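Because the structure is predicted, anything quoted here is derived from the model rather than measured. In what follows, chains carry the letters A, B, and so on, assigned in the order in which the sequence lines appear, proteins first and then strands, with residues in each chain numbered from 1. Note: hydrogens, waters and symmetry copies are ignored here, and every other heavy atom, side chains too, is used.
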2 protein chains.
Amino acid sequence: MLNQTPPLDRVFHALADPSRLAMVERLGQGPAPVSELAQPLSMSLPAVLQHLGVLEAAGLIRSHKQGRVRICALEIQTLGRLDAWLAAQKSEWERRLDRLGDYLDAIARSDA
Amino acid sequence: MLNQTPPLDRVFHALADPSRLAMVERLGQGPAPVSELAQPLSMSLPAVLQHLGVLEAAGLIRSHKQGRVRICALEIQTLGRLDAWLAAQKSEWERRLDRLGDYLDAIARSDA
DNA sequence: GGAGTAGTTAGGCAAATGCTTAACCAAACG
DNA sequence: CGTTTGGTTAAGCATTTGCCTAACTACTCC
């Protein structure tokens, strides 16, 4: 249970490792136990756990214990934060294109 | 001029630093010289240049020299790659919700 | 042409990162 | 209950990262 929202750069950082990216993609298809997430990766289990810790700290996943099995699940709203950030950049970019369009229109009009 | 597309994790990594994130956001509003990008950051110019190198290697920006001034500009299509990745995760997630919805419908029907 | 300005390169350092092994804990199973 | 399985913790190491300073190059301006 996180008390605060991790900064965006920490979310990007969590996705900045191929193994962590792969695990997030797998979890997009549904919750999975640690051992399943670890299976395709050629690394030790403590290394996998460390990666999962990074993802959890970034708010990208959450996990709970079921007996001796730890189930991990994606936190989709954190991906939504990335989406929102991208949308903000896109709208800023489109505003620029609009202004450029207006400028080109004004030039065409003053030429006609 | 990059010969190959940087892997997604390298793009995420490039955004995983607050200073680099801030510079990308600034460039969303239009091209800017290095000195302007450096101004709000409290760090040495070589450090700024190193960060810009990371962004350029990740395909997020491109730059060119105008006399002694280096102008940097955003590569919006690389942000589009992130968008596409997020969209893929979202559609996977929504497919899961649809399947859950179907399952719940089937239960409601067999109860009626 | 000299001084100032904008950037570039090289080398170095401390901290962070991404692994490892070893030892341990806890649940499940026969 | 003993063994197996799934995970956890701690410590350590090599590499990477994110800075720095110093020295340099190149352009602009007077």
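- Residue B:L37 contributes atom CG, which lies 13 Å from atom C1' of C:dA6 at whole-angstrom precision.
- If you take CD of B:Q66 and C1' of C:dG7, they are 14 Å apart, rounded to a whole angstrom.
- Counting heavy atoms from C-beta on, the side chains of B:L82 and B:F12 come closer than 4.5 Å.
- At the phosphate of D:dT16, neither OP1 nor OP2 sits under 4.0 Å from any side-chain N or O atom of B:H13.
- Remark: P of C:dG18 and CG of B:D9 are 10 Å apart, rounded to the nearest angstrom.
- Atom-to-atom distance recorded for B:Q39:CD and B:S35:OG is 9.0 Å, nearest 0.5 angstrom.
- Looking at the side chain of A:R20, the nearest of the listed nucleotides D:dG7, C:dG18, C:dG7 is C:dG18.
- Minimum atom distance to the side chain of B:D17 is reached by D:dC19, of the listed C:dT21, D:dC19, D:dG7.
- The phosphate of D:dG7 (OP1 or OP2) has a side-chain N or O of A:S35 nearer than 4.0 angstrom.
- Remark: B:R70 is not in phosphate contact with D:dT25, judged by side-chain N or O atoms under 4.0 Å from OP1 or OP2.
- One finds no side-chain N or O of A:R68 lying less than 4.0 angstrom from the OP1 or OP2 phosphate oxygen of C:dC25.
- Distance A:L41 CG to D:dG7 P: 13 Å, rounded to the nearest Å.
- Residue-to-nucleotide proximity on DNA chain D shows that, of A:K65 and A:Q50, the 5′-proximal contact is made by A:K65.
- Under the 4.5 Å side-chain heavy-atom criterion for Ile, Leu, Val, Met, Phe, Trp and Tyr, B:I61 and B:I76 are members of the same hydrophobic cluster.
- Using a cut-off of 4.0 Å between Lys/Arg side-chain N and Asp/Glu carboxylate O, B:K90 and A:D83 are scored as salt-bridged.
- In this structure, CE of A:M43 is placed 16 Å from P of D:dT8, rounded to the nearest angstrom.
- For C:dT20, the OP1/OP2 oxygens have a side-chain nitrogen or oxygen of A:S44 closer than 4.0 Å.
- The side-chain heavy atoms of B:W85 and B:V11, taken from C-beta on, include no pair separated by under 4.5 Å.
- Atom pair B:L49:CG and D:dT25:C1' shows a separation of 13 Å (rounding to whole Å applied).
- For the pair A:L52 CG and C:dG18 C1', the computed distance is 14 Å after rounding to whole Å.
- Here the nucleotide nearest the side chain of A:R10, chosen from C:dT17, D:dC19, D:dT9, is C:dT17.
- Distance CD (B:Q39) to P (C:dG7): 13 Å, rounded to an integer number of Å.
- Each of A:P46 and A:A16 was matched to the nucleotide of DNA chain C holding its nearest heavy atom; the match closer to the 5' end belongs to A:A16.
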